[in-house]
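For reference, the structure is listed below as structure tokens.
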Amino acid sequence: MSTAIPTLPPLFDLLGTAVFALTGALLAARLRQTFVTMGFFALITGVGGGSVRDLLIGAPVFWVRDPWVAPVCLGVALLAWFTPRKWWEGQLLEWADAAGLAAYAVLGTAKALAYGLPPVPAVLMGVITGCVGGIIRDVLAGRPSILMRPELYVTAAALSAGLCALGEVLALPRELAFSGAALAGFALRGWAILSGLALPAYGRDKG
């Protein structure tokens, strides 16, 4: 197992977690839930994907030992509680979420590779890191999961994760491989936001 586990600078790492947490808090606000529920949604959305990844690869769960992650998630919930929801509506949050999705898909893949996973399972760990928090949030809220979105979402995470693993296999410089992988996933997700780009749905009901 390699000890060189790639990470974001702490401020950017917390910012990405905060963006994911905010999507959870805002969903609870839309459902007119209590602050306790809002805080729980913020936390589970912010750390859910990374927690599942760490449990699967046998790593210490990242946020349990970090003194800042949980307070940031709860602080975001507090911010959402005291501000009008309309402040957060529109595409700004979608674009911030797209950046977080791509970055954490790359970091999740890189961490899994550092723990000795083969490339394909590592790619799946990257997708889990970027998407599972939102999936848990949606399931708890009783609404269609992000897996069911018509436009590309999980696919964008898979693109970033796949390119990250490919860069490691080809022994490309990490700065180039990781940044390129994150930008590719962000661009694909951005294209989907702007155009509604989607994969074709199953349509073989007739023989």
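Keep in mind that what you see is a predicted model, and the values were worked out from it rather than measured.
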Drop me the distance from [X]'s [atom1] to [Y]'s [atom2], to the nearest 0.5 angstrom.
X: Phe40; Y: Cys73; atom1: CZ; atom2: SG; answer: 11.5 Å
X: Ser179; Y: Arg174; atom1: OG; atom2: CZ; answer: 13.0 Å
X: Leu27; Y: Thr45; atom1: CG; atom2: OG1; answer: 7.5 Å
X: Thr23; Y: Arg137; atom1: OG1; atom2: CZ; answer: 4.0 Å
X: Leu147; Y: Asp138; atom1: CG; atom2: CG; answer: 9.0 Å
X: Cys164; Y: Leu172; atom1: SG; atom2: CG; answer: 10.5 Å

Trp95 atom CH2, neighbour heavy-atom count above 12 within 6.0 Å: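 Yes, because the 6.0 Å sphere around CH2 of Trp95 holds more than 12 heavy atoms from other groups.
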Please answer: with hydrophobic residues joined when any side-chain heavy atoms are less than 4.5 Å apart, are [X] and [Y] in the same cluster?
X: Ile44; Y: Ile128; answer: yes
X: Ile193; Y: Val154; answer: no
X: Leu43; Y: Val64; answer: yes
X: Phe178; Y: Leu176; answer: no
X: Ile136; Y: Phe41; answer: yes

Smallest separation among heavy atoms of [X] and [Y], with atom names:
X: Ile135; Y: Ser145; value: CG1-OG, 3.7 Å
X: Tyr153; Y: Leu101; value: O-CD2, 3.5 Å
X: Ala25; Y: Ala80; value: CB-CB, 3.9 Å
X: Ala165; Y: Val123; value: CB-CG2, 3.6 Å
X: Ala42; Y: Ala77; value: CB-CB, 4.0 Å
X: Ser160; Y: Ala181; value: OG-O, 2.8 Å

Parallel, tilted or perpendicular: ring planes of Trp81 versus Phe35, cut at 30 and 60 degrees: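 Answer is perpendicular, since the angle exceeds 60°.
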Phe62 six-ring face occupied by Arg53 cation (under 6.0 Å, within 45°):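 Output yes; distance and angle both within limits.
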Those residues that, when tested against Arg30, pass side chain to side chain donor-acceptor pair (under 3.5 Å) (two or more places apart):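 So Arg30 forms no side chain to side chain donor-acceptor pair (under 3.5 Å) with any residue.
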Side chain to side chain donor-acceptor pair (under 3.5 Å) partners of Trp68, counting only residues at least two apart: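 With neighbours one apart ignored, the set is empty.
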Audit row: Asp13, Tyr104, side-chain contact (heavy atoms from CB on, under 4.5 Å) steps and yes/no: CA-CA 9 Å; Asp13 196 9; Tyr104 283 109; 2.7 Å; yes
CA sep, side-chain torsions, deciding dist, call: Thr17, Val76, side-chain contact (heavy atoms from CB on, under 4.5 Å): CA-CA 10 Å; Thr17 300; Val76 165; over 6 Å; no
Pairs meeting criterion salt bridge (charged side-chain N to carboxylate O under 4.0 Å, His left out) with involvement of residues 184-202, two or more places apart: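 For residues 184-202: Glu94-Arg189, Glu151-Arg189.
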side-chain contact (heavy atoms from CB on, under 4.5 Å) between Val47 and Val61, intermediate numbers included: CA-CA 9 Å; Val47 306; Val61 177; over 6 Å; no
